[in-house]
Each structure stands twice: as C-alpha cells, then as structure tokens.
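Working notes for the structure below.
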Amino acid sequence: MTKSYVLKPSTREATELSNLRSELNPAQWDAVTFREGSCLVIAGAGSGKTRVLVYRVAYLVNSGVDPEQILLLTFTRRAAREMLQRASLVLDERCGRVSGGTFHSFASTLLRRFSKHLGLHPNFTILDRSDSEDVIQLIRTELGFDKIKKRFPRKKTLQQILSACVNKQLEIEEVLEKSHPHFLDFLGEIEALQARFNEYKLSLSLLDYDDLLVYLKLLLSTEPRIREEISSKYRFVMVDEYQDTNCLQARIASLLSSVHKNLMVVGDDSQSIYSFRGADFRNIMGFPKQNEGCKVIKLEENYRSTQPILDLTNEVIAGALRSHEKVLYSRKKSEQKPVYVETFSENEQSRFVVQRVLELREEGVALNEIAVLFRNGWHSNDLEVELSASGIPFVKYGGIKFVEASHIKDILAHLRVCHNPMDSVSWLRILLLLEGVGPQTAKDLIERIVTVRGSFDALVDKDLEKRKFFPLLEKLRDTLVAVRECHGTLGEMILIIDQYYRPILKNHYDDFQKRIPDIDSFEAIAERYRDLEEFLVEMSLEPPERSQTDVDPLDKDQEQLTLSTIHSAKGLEWHSVLILHLVDGFLPSERSLESPEEVDEERRLLYVAATRARENLYLLKPSLQSPGRGNYYQSATRGFQMVSRFLTEGDILNDKVEQWRLVPEDKPEKKDPRRSTQELMDDVHRFLAEHSKKK
DNA sequence: CTTTGCAATATTTTT
DNA sequence: TATTGCAAAG
C-alpha cells in the first residue's frame, strides 16, 4: 500500500517568508507585496528601503516569477550586488539571477546587443570625462576655434556645457544663459562644435557617459519592436534612488515598462544630491501625476539611527527651502547625543579622529563599522597621512580614482585600441608618448589608421620608413598584435604592454619611480578578468577604489576603516560616523553660495551624511585652515573659519549636540568651556611657531 | 613639427 | 597648487 507523505517547503524558505509579515511594518508590507502597476515608495533615510526592495525581489521570485524577468536599476553596482546578496539570504540563490545594475551599465549591455540598429559598432568604447575633453580638444582644433582671438572656453568647460545640455535636456543657449553667460558670444561656435562632436563620436563608435543614456532612449523610442521585446522580458522594473535620476533616465524607466506598466520607483526627495549632474527631483514628485493609478507608499519609521541623531537631522532638514513634511522617528532610544567637537587645526581634527577610532575599536566596534565622511576628495588628505602613521587600514571612496592616473590611462589606452581600433582618443594618447611624435604626426597617423578601418598595419606603412620614430611604431604594432592574440587573463595582457611601456614610462615621467607600484597593483586587479570587453566596461563604469591595502596586498581581508565623500556614502550605514570640516565654505561649499537651490542641496548633503549613523555621530569643525596646505587663497583669505550655517540654526548647537572641548593631556579642564581670547591667541602663536619649524 | 619653459587661471560632488 | 595655454627655441 502506498502512503502519501506531505513534504513541507524548505524550513528556511518557510520561516523567512512566513515571518515576513511580522518583520515588516504595514507600509513596508504594502510595498513588498505590491504586484502590478506603478508604485512610488517614498522612503525616508533608514526607513528600510533596501529591505523592502530585497524582500520584494524574494517575494516575487518565491511566487514563481523568473528572476531574470525582474530588473533592478540602482545607482551603483555595489548597491545592486549587496541587495541581491541579501535577497539570496532571505530566499535562495535564484535571487542572484535577477537582472540589474546601473542605468549606464545596463545601457552598455543593451546597446552592444542592438548596436546595428543605431549604426554603432558592438565594440564601442566608453569615454570617461577626460576622454570626452580630449575629443572636444581634437574637434576644437579641427574647426579652427583655437585661433579665435578672444578667450574661448577651455575644453573642461565645453565638456561641462555639452554634458549639461544632454542631462538636463536643454539647448546650449539655455545652459549658457544659466551658468556661463560670459560665453554667450560663442553660441554659434559651440553649437557647431556640439554637432561635430556627436557626429565624430558616432562615426568612430565612441560613447561618453551621456551617450549611453541618449542612445538607449533613442533605441527604445524609435524601435517599437525592440522596445516591446525588452519590455516584455523585464516584467517587473524597479528603480532605486529615483530622486537622483535625470529626465533621460526617468524616460528610459518608463519606456522599459511600457508594455506592462509594472514600475516601482523608490527614493527620498530630501536625499537628492545629484542635481549638479542633471538629476531632477521633479521626477519623483511628479511620478504619481505621470502614472495614472499610481500607488504611493510612505515609509517614515527609521530603523537605523537613535532618536537623538534623528532629532538633529530632522532639525537640519527642517530648514530646507522645499517643505518636507516627513519627520523621522525611531524606537531606538539613546542618551548619547551627537557629539560636536571644535578642533584647533586640521591636524588636530585628524588626531581626534585617529584617537576616537582606536577607542571605538577598543569598545568593540569593528573598523568596517566606522566611517569618516567629507564634502570633497582632498578633505581627507591630512587624515590619510595620520591614519597611515598609526597603522589604521582604510579604503577611500570617491575623489580621484586610480584608473584616472595618467600612467594607468596609458595602459588602458593600449588595451582599448585592441578592443576598438577606431578609438582615436586612445590612439592619440598612445602616439603622443612616442619620442618625436607630436600632435600633428599623431593626427596623420590616426587618419591612416581610421581610413583602413583600424588595421594596425597602418602604423608600419612603407612611406613612414624614413621617419626616425619608425622603429617605435614597429614595436608598438608588435605589442598590440601580441595583446590581441593573447588569450590569457587581462593581467597577462598588461604584462605584455608593460614590457613595451616601461621604457616609455621612464622616459616620459620624471617621477616614474612612484608610478611603478600602481602598475603592479593594476595588473593584480586585472588578473581577475579574462574578457577584455568586460574589463574595459568595468574600468569605465565601476572603477576600483583606492585603498591603503592595495599597497601591501598581503592582508586583503582585514577590516578597514571607510573614508568617503558624502556622495559616495549614499545608501550606506555605519555604527559610528565622523563628519569632517563642518565649516562654512566647505559645507555648504563656497561655490554653491550664489544660488539658494544649490545651498539647499548642500543642506541635503549634510542630512545624508548625518543619517548614515546608527549609534554615534561626531561632527568636527577645525577652526584654522592650515596655511600651505590645499588651496592657497582659500586659506589666505579665510584663516579662521565659521561653523557651517546649517549647524547654527535653531538650537542645534545648544540642545541637539553634546559639545566636547579638547584639552591637552597635562592640563586639567577649566570650568568655563569657552576659550578665552588670550588662550586662543596662545594657540595661534603655538601653531604658527610649529608650522614655521616644519619649513 | 616638437619640445620646452613661462604665464595664466580655475579649484566639488559622479556615471 | 596643478593644470592648461601660449610663445619661442630647437
């Protein structure tokens, strides 16, 4: 006789998903179980936004949706990876197969597949900002604008103008009026340059960051069959950090979901910090109006930070121009208010951070649970020196990336021409490195290469034999051929290039000694890749960050302190957060002061930074900008610095923070916490004396 | 044509 | 301060 035996679902799945409801608040539950149609989730900082996305993915997959039919567009690939990893923990490895990435990387993949519909080569090159600038420079001379008597904008400015046109979908005239009115005289020239720029890039299959979005939008809007194919493939589309999308991205999201209209966007208008890049918060505010029947879900309970931290951040955001109705609240009680510390010099600030980090570690807070945040890349320079001296390992996010160093770009250029031999920007770079080759010769050579559709043999043409640099060209060609025929890892390819490149490096950079270790660590990174295209795409779209342990890769897995620009800290959280340089002119940045909207964005920046903290928040303000460090005339005109205007509002300094006063080890603390003028002057003299000693 | 050396000039945040 | 632009020398 056969007996039926009921097999229950896997316990993991059962417990995880059945407990779901009890683990989520009603609003979160609504968002997680939302299925068809459009939905806007307004998610305040720390309100479990990631959790909602993760659980929704798990929920959909569990209900039988093929993971590949879910598209998750995030701001960084790191965010996507983290989310899918967490989803796999909740459910199973099926979640790892969810499609996703950044708008740009998604565009890169789709455009390669459908390149012929746009007249592109599938091996197109992605230009970073400085590559675009080089192309602009090339065109500027080609059109003869370098000979204009009056001062023509520099390549950097031109790139900014053209990029703003794309990202904000404006005419050149409008951009000039708004941000560069003094260049309005050149309107005609800039327009001509723009036309030639776009034509040029298309003809050589060079795409800058903006083009990736432009061409994806073009593909989706002009090819209905492709749009339907793609939109039917991705039945559920989710966009994270929607407040930081620009109008192109919003349009793309809507085109991607045109067949089924299943589009969920998640974001928080008070965390919009990318308007300088064309992000438009109206995308998120206007979403319900543009999508009929859109469901709006608000998540307002904060699960991340303690109430005292939220008391501070609520106050900061309350001063914003745009009214924010949200007031975040938390059940995490704590006696500890955020700490505000005025240090005397920048170096004192660094020493405070080092000491505090060491103490926190003593208290059992892991190093990767601590982050130091700041407004721009070089704000951490002094701290980095101090950290290295104390042997604290760290990773730095944001600021200058190491693939942007010119010697690394040189090597990348050699790889790039192997992938797309029409890549004239890379050719220019490669050729200018050769002794005896200047802009003119390089231009001629590139022309030869392009006319034979990228054959390397154009480098060793008979009529070049007499030129003195001919032997160099032969070597170059042999190297590139060897790389192209190398079927090993990218590390091996770089080794081949390095053999050829090392003498050039020594010849070309007088500080070549310092650059050699970089090449070695670049090679180590490249060792992980086998596919040239994948490597190049990743290097331009998700380049590796600079870390202290890159220098000695022995202890790779050890804990590291995070240093990060506030922009790169978006979406992340730490147990303890220290914010540097809360000085008026740094945050808000001096350059934002003319426009109230920009100051408002700086305020949101502070808001984002402060809401990263779970338990401890330290706000630091050095009083004196060190002379001789950083920006010359900033320090010269400033000297003493005022605390950021965002902290002087209301009762923040009196009530929302606990002020710490630094005292030297040997002196007992005085009753009056304020520094007397005499003391202050003593400090100044001590400081100046110390400083002149160093010189 | 290239290279070199001097003068001017603009400085954030990122895919 | 670092980078770019310009002019003169090689």
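Below, read A as the first sequence line, B as the second, and so on, with proteins coming before strands; counting in each chain starts at 1.
- Using bins of under 30°, 30° to 60° and over 60° for the plane-to-plane angle, the ring pair A:F586/A:H379 lands in the tilted bin.
- Taking the P atom of each, B:dT13 and C:dT4 are spaced 16 Å apart, rounded to whole Å.
- One atom, CD of A:E435, and another, P of C:dG10, lie 17 Å apart when rounded to the nearest Å.
- Among the protein residues, A:R467 comes within range of no part of the nucleic acid, since none of its heavy atoms lies under 4.0 Å from any strand.
- Heavy atoms of A:Y274 sit under 4.0 angstrom from primed sugar atoms or phosphate atoms, though from no base atom.
- Between B:dT13 and A:K570, no contact under 4.0 Å exists linking OP1 or OP2 to a side-chain N or O.
- Residue A:K443 is out of contact with every strand shown, counting any heavy-atom pair closer than 4.0 Å.
- A:R515 meets the side chain to side chain contact (heavy atoms under 4.5 Å, CB included) test with A:S406, A:H407, A:L505, A:Y509, A:D511; sequence neighbours excluded.
- Of the P atoms belonging to B:dT12 and C:dG5, the separation is 16 Å, rounded to the nearest Å.
- Taking atom OH on A:Y209 and atom P on B:dT13, their separation rounds to 14 Å, with Å as the unit.
- A salt bridge is absent between A:D268 and A:K49; no separation between the charged side-chain nitrogens and carboxylate oxygens falls under 4.0 Å.
- Between the CG atom of A:D244 and the P atom of B:dT14 there is a distance of 12 Å, given to the nearest Å.
- In terms of phosphate contacts, A:Q137 brings no side-chain nitrogen or oxygen within less than 4.0 Å of OP1 or OP2 of C:dT4.
- Rounded to whole Å, atom C1' of B:dT3 lies 10 Å from atom NE2 of A:H508.
- A:H567 has its NE2 atom 7 Å from the P atom of B:dT14, to the nearest Å.
- Atom NZ of A:K443 has 12 or fewer neighbouring heavy atoms from other residues, nucleotides or ligands inside a 6.0 Å radius.
- One can place CD of A:E590 at 15 Å from P of B:dA10, the figure rounded to the nearest angstrom.
- Between A:R140 and C:dT4 there is no side-chain polar atom (N or O) within less than 4.0 angstrom of OP1 or OP2.
- You'll find the side chain of A:F145 stays beyond 4.5 Å of the side chain of A:F186, heavy atoms only.
- Heavy-atom nearest nucleotides on DNA chain B were determined for A:G436 and for A:E542, and the one closer to the 5' end corresponds to A:G436.
- Contact check, A:T76 against B:dT14: no side-chain N or O comes under 4.0 Å of OP1 or OP2.
- Residue A:S540 has no polar side-chain atom (N or O) positioned under 4.0 Å from OP1 or OP2 of B:dT15.
- Evaluation of atom-type donor-acceptor distances gives no pair under 3.5 Å for the side chain of A:R154 against the base of C:dT4.
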